[in-house]
Amino acid sequence: MPDEIPKLYEPRKYEAEVYKTWLDAEAFAAVPDDRANRYVIMMPLPNVTGALHMGHAMDNIMQDLLIRWHRMMKDNTLWMAGTDHAGIGTQAVIEKRLFELEGKTRHDLGREALVARIQAWKDEYRERIIRQQQSMGCSCDWKRQRFTMDEVCARAVREAFFRLFRDGLIYRGNRLVNWDCQLETAVSDDEIVYEKVQGHFYHIKYPVIDPKPGEPEHVVVATTRPETMLGDTAVAVHPDPAAAMEKKMASLRERMDGASKKERIEMKAELERIEERKRTHLPILLKLRDMAKDRRTVLLPLLVRPIPLIVDEWADPALGSGCVKITPGHDPNDYDVWSRHRNEIGVINILNTNGTLNENAGPYRGLDRFEARKKVAADLRTRGLLGEVEDREIEVGHSDRSKTPIEPYLSKQWFVRMGDVPGGIVCGAGTKKIFRAVGLAQACIDTVAPNYQSPSGKRLMFAPDHARYGGTYKAWLSEKRDWCISRQLWWGHRIPIWQVSKFGLDISAVLAGLPNASRDELWAWVTDAEGRIYGKPEVETLDPRERYDILVSLRNPAAEAKYAAALEAAGFAQDPDVLDTWFSSALWPMSTLGWPDPATAALDPGQRPLGPVHGRSDCLSYYYPGSCLVTARDIITLWVARMMLMGLYLMGDVPFTDSFIHANIQDGKGERMSKSKGNGIDPEDIIDKYGADAMRYVLCDMQTGTQDIRLPVQAMSPYTGELVDLATAKHGRSIFTYIDPDSGKEFDVLGSMPDLPAAKIISERFDIGRGFCTKLWNAARFTLMNLGEHKFTPIAPGRLAPEDRWILSRLSRVIAEVTDELRAYNPSAAIGAARDFFWGELCDWYLEIVKPRLKDEAAAPVVRTILSFALDQVLRLFHPFVPFITEVLWERLNAQCPVRGLTAPVHGSDLLINADWPTPHPNWEDTGIESEFGLLRDFVRGIRETRALHNIPPGRKLDALIKATGRSEKILREMRPLVAHLAALNSLEIGATVTRPAAAVGHVLGDIEVYLAGLVDADVERQRLSAKITKLLEDARKSEARLSNKAFVERAPADVVEKERQKLKDLRTQIDLIDAQLKLL
RNA sequence: GGGCGGUUAGCUCAGCGGUAGAGUAUCGGUCUUACACACCGGUGGCCGCAGGUUCGAACCCUGCACCGCCCACCA
């Protein structure tokens, strides 16, 4: 019964129940069927490192919005959920806890025990994440969810690795990698954050061995990391320092022309500096250059090791001493230098994996690198070989995971070859979408080219700004840097390679001794230290004295069972490393659908089958390629590009056609929300206080385009109950604690300090969403209360009142607008259009207008028909945004009025989630009635303004007289009852000859004069009219000025000029009318 | 150092060539029987600064300042 509906919507009463209803009805189920139109979203899999925050909530809500909308549009809709094992991230969390709580390292525990602990953590957080997503209302098909390390995904990883390896696109080689000395693993470039730290710039003297007369006794080199000198293998000087300096000066002069004044001053100073150096340094550099060509050496101090002078363009004669120390083992640039001088110099590694110095560091062996830095500097000083030490701010790369400085470190790593490959590569081998590309990165770049089409006719589009985000994607891929995929971790997919190192002499024999296996199960390559791969004919030409690696990949566990033992007996060992997390996530669009063979995927009990169903061969062929990838900017390179890579290479097609890049959520200070910063809000906190729909409403409303979102957060003080703004509050002893400004006491926002009370974090922003839900609830309440036992009967269009025609016209337009905005990935504009219609038009005007008709039994049925239909359509429109409340109201509407419609019946589906998305009805659209209502609304607002000005209570009915002619008169006459009702009028006289009554206040609206009788307050009226006329006169003056400007009249488009003339005319009419009124006062 | 964004009402953001907008806050007035988590009305802006293009600039161009992000590098 409608009178049971409470005044306030209480989300907590309904949300869990509604969600269960959806689950019971299998409303989220994705099953292939005969529909050709599909909509597929692969969820950006959350890491199991911790719980979700508002940034994730934004990501999930955007996906749910799109999914629910497409489901209502009757696409076969799949939203794939799952979680990521997040190799480094998760292992780092566990190792940190292990050390903090038990004082142990992973080596104390061993591989198996550590992995078991991580598993337990993963299970806990996976459950928590799913709970969070469900409380937000996420409608993913939970019976399909995957985990990147489950059996289905593991099989895909292994298969992908095998194919890439077989095709020579994965190789193993010596590379300088970013080494995390705490986690003892390589980390990728993307996992490094640069931080400014205070450091020193040391100048060191290397004595020249046997200097000849006139030659310098020392060369000076400089470094911020003096301990690396222990690994120096050369000192470089530029081969033609004079030319290099000239070139630099010429380039500076050229750039000066286009530069700003400030830059020009700097450049001029730089030019003068180089000019000076030509005098001071050039003769010495030329001498050193000649010495280098003469194969002369300098003495590496401390280790007393001679190292050669070499010539290389890396040495910049305009910088420092012009000489540069070369440490190929610990500096990327120096490594490049080494690669150009392999026959002259060597590579020395001075580090152990934990960041201490190794035996190559001689007396410094065993010292941590930072202690060694101090000691080396001190020892050099003692020997008089340390020059100037400058204080300098230096940017140091830190591992994003362990927060410790990374070291460039030479080690054997696995790589995916991104660059162009001689002869090209084959993509989509074994599929019908096979095509050739010059290389993996290029294949990905091609997908955003304007006229690109994949073999199935698809391409990649970024939204909402393709040029910008496509640019990010392209720029990153264009570097074509090989992708380091090995990690020295224990948590992850083990690299499926067995290897042995042998001299070239023995290679043939070892190869001949490999198990007699099919090439579909086992693949072997021979490779040298640099990763060069040798094919079968080349094996015969290998240097018999050099060592080479024989790498064997076993395709799957079956092959492993058959051959691994034999390999191990022959001296092969499995690679201890695991794959980069992104390797398995890159396969997500396929692995989740059962690639490479859906029919035989090892699913969990109760999961939906991936093989043949409903006449479709399998889920992979039905749901791949998907539709849209929803994520944040920083994921474009990390993940979007890599999914593209794997999709193109393995499937011959893009994994999705759209990539919707949404805003990042920031805190009140403009910093990106993250758990580690302590500024993350748990969506469940918000849901608990405001409801899931309120949160969703606000997130949708804030997703406007490319603008990141500031979400000022406050904590409820556990001491006073007052709100504390965290953007301005002072931190306590950690980033998770703050000082309550009122009591001066410290509180915690994350529950991280057992001895401190925790504060709940909230944000006032969500009041908006809660307010909206209340409004929707009450509008429905009003409708249901007035519907009674209404039964559908078709209405004749001729019986519609003007307000009916107006609201139906607006409804049709808004349906079209919301749909268009969603299609354009503009959730804020979509929800804004729906809200403006619902709140600003349906509630504020239509519901108010029809109240009298509802009391009139003759007029009521038509109104009831329209109200029930409008509610039906509004609930549908809002459902993707605020699914819970709309579903609750849908059930009530169904109960009371199961059949809705205007001219033909519309049956509501049992559940709104399964209802059809509304479609516009162009034949309802009526520009004329909309413009007439515009006049009506302006008119009513004018009277309300007058009432407010004269402090007339809304309850007091007024007598109004209106002087109007022409169209205005006609419209007002037609809408006379509406005007009287909305403006609370007692009587209303409309006519062309109306005159001002003796006691009245009046005002002017366009060409209409309005008098409210019985009111006398000439002062207020005069003041108001004067203010208005002043403004109008100013406008008219501007307009006149514009029209008297010849250039404007001649050059501006005719319609703009005409509009301006009309505007001036209208202004003058109003001015005259107001002027006349003023004179009467 | 290179690149990409941003700077609009106290706050959070739309608008992106033709008379400055929303929500919120704030100030008045209303418990007008759907909703006081509401309704009605008002106040509030040299649209970061300086030039330029244009008949016309918040909007296009150039420079500057500040904030943020990405990439590279600093021997």
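These values consider heavy atoms only, across backbone and side chains, with no hydrogens, waters or symmetry-generated copies. Numbered from 1 within each chain, the chains take letters A, B, ... in sequence-line order.
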- So, do A:D767 and A:R770 sit near enough that their side-chain heavy atoms are less than 4.5 Å apart? yes

- Message: With heavy-atom distances below 4.5 Å as the criterion, would you say the side chains of A:L380 and A:Y202 are in contact?
- Response: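 No. Closest side-chain heavy atoms not under 4.5 Å.
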
Using the [atom1] atoms only, state how far [M] lies from [N], rounded to an integer number of Å.
| N | M | atom1 | result |
| --- | --- | --- | --- |
| B:U24 | B:A9 | C1' | 11 Å |
| B:G42 | B:C35 | P | 25 Å |
| B:G5 | B:A50 | P | 24 Å |
| B:U62 | B:U54 | C1' | 16 Å |
| B:U8 | B:C59 | C1' | 11 Å |
| B:U7 | B:C13 | P | 10 Å |
| B:C46 | B:A57 | C1' | 14 Å |
| B:G44 | B:U30 | C1' | 23 Å |

Could you check which of [options] has an atom nearest any side-chain atom of [X]?
| X | options | value |
| --- | --- | --- |
| A:I768 | B:A14, B:G23, B:A34 | B:G23 |
| A:E479 | B:A72, B:G41, B:G18 | B:A72 |
| A:R765 | B:U12, B:C4, B:A34 | B:U12 |

- Item | Stem segments of RNA chain B by first residue number [Watson-Crick or G-U, under 3.5 Å, at least 3] |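 Paired runs of 3+ in RNA chain B: B:1-7 with B:65-71, B:10-13 with B:21-24, B:26-30 with B:38-42, B:48-52 with B:60-64.
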
Using a 4.0 Å heavy-atom cut-off, does [X] contact any base of the nucleic acid, only the sugar-phosphate backbone, or nothing at all?
| X | answer |
| --- | --- |
| A:T224 | sugar-phosphate |
| A:R1042 | nothing |
| A:E848 | base |
| A:K855 | nothing |
| A:R941 | sugar-phosphate |
| A:D316 | base |
| A:D836 | nothing |
| A:C843 | base |

Expressed as a whole number of angstroms, how long is the span from [X]:[atom1] to [N]:[atom2]?
| X | N | atom1 | atom2 | answer |
| --- | --- | --- | --- | --- |
| A:K851 | B:A34 | NZ | C1' | 7 Å |
| A:L949 | B:G41 | CG | C1' | 9 Å |
| A:W314 | B:C73 | CH2 | C1' | 7 Å |
| A:R710 | B:G10 | CZ | P | 16 Å |
| A:K474 | B:C4 | NZ | P | 14 Å |
| A:K480 | B:C71 | NZ | C1' | 18 Å |
| A:Y690 | B:U24 | OH | C1' | 13 Å |
| A:I831 | B:C13 | CD1 | P | 17 Å |

Decide, yes or no, whether a salt bridge links [X] with [Y] under the criterion of side-chain N to carboxylate O below 4.0 Å.
| X | Y | result |
| --- | --- | --- |
| A:K1063 | A:D1066 | no |
| A:R225 | A:E407 | yes |
| A:E1034 | A:R1037 | yes |
| A:K1031 | A:D1035 | yes |

- Could you pull out all residues at least two apart from A:L8 that satisfy side chain to side chain contact (heavy atoms under 4.5 Å, CB included)? A:T774

- Query: Excluding sequence neighbours, so at least two apart, what forms side chain to side chain contact (heavy atoms under 4.5 Å, CB included) with A:A980?
  - Reply: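 A:A980 satisfies side chain to side chain contact (heavy atoms under 4.5 Å, CB included) with A:L985 once adjacent residues are dropped.
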
- Item | Contacts of type side-chain hydrogen bond (donor to acceptor under 3.5 Å, both in side chains), residue A:K957, not counting sequence neighbours |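 Counting only residues at least two positions away or on another chain, A:K957 forms no side-chain hydrogen bond (donor to acceptor under 3.5 Å, both in side chains).
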
- Query: Only one of A:D331, A:I326, A:V324, A:T233 forms a side chain to side chain contact (heavy atoms under 4.5 Å, CB included) with A:V337, so which one is it?
  - Reply: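 It is A:I326, the one option of A:D331, A:I326, A:V324, A:T233 that forms the side chain to side chain contact (heavy atoms under 4.5 Å, CB included) with A:V337.
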
- Give a yes/no on whether any side-chain N or O of A:N664 is located under 4.0 angstrom from OP1 or OP2 of B:G68.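 A:N664 to B:G68 OP1/OP2: no side-chain N or O under 4.0 Å.
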
Set of ring-ring contact (aromatic ring centres under 6.0 Å, His included) partners for [X], sequence neighbours left out:
| X | answer |
| --- | --- |
| A:Y697 | A:F772 |
| A:F766 | A:Y690 |
| A:F201 | A:H203 |
| A:W314 | none |

- Verify the distance criterion only: is there a donor paired with an acceptor across the side chains of A:T228 and A:H330 at less than 3.5 Å?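 No - no donor-acceptor pair under 3.5 Å links their side chains.
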
- Message: Taking the nucleotide of RNA chain B with the nearest heavy atom to each, does A:P712 or A:V324 sit closer to the 5' end?
- Response: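 That would be A:P712.
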
- Message: On RNA chain B, does the nearest nucleotide to A:A236 precede the nearest nucleotide to A:F782 from the 5' side, or the other way round? Give the residue.
- Response: A:F782

- Not counting sequence neighbours, which residues clear salt bridge (Lys or Arg N to Asp or Glu O under 4.0 Å) with A:E764? List them please. none

Distances under 3.5 Å only, N/O to N/O: pair up the protein atoms with those of nucleotides 7-9 of chain B.
none

- In terms of heavy-atom contacts, does CD of A:E313 have more than 12 from other residues, nucleotides or ligands at under 6.0 Å?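 Counting neighbours around CD of A:E313, 12 or fewer heavy atoms of other residues, nucleotides or ligands fall under 6.0 Å, so no.
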
- Residues within residues 1052-1068 of chain A bordering RNA chain B, heavy-atom distance below 4.0 Å: A:A1052, A:P1053, A:V1056, A:K1063

Every protein N/O lying under 3.5 Å from an N/O of nucleotides 36-39 of chain B:
| unit_1 | atom_1 | unit_2 | atom_2 | d |
| --- | --- | --- | --- | --- |
| B:C37 | O2 | A:R770 | NE | 3.4 |
| B:C37 | O2 | A:T774 | OG1 | 3.1 |
| B:A38 | O3' | A:K775 | NZ | 3.3 |
| B:C39 | OP1 | A:K775 | NZ | 3.1 |
| B:C39 | OP1 | A:W839 | NE1 | 2.5 |

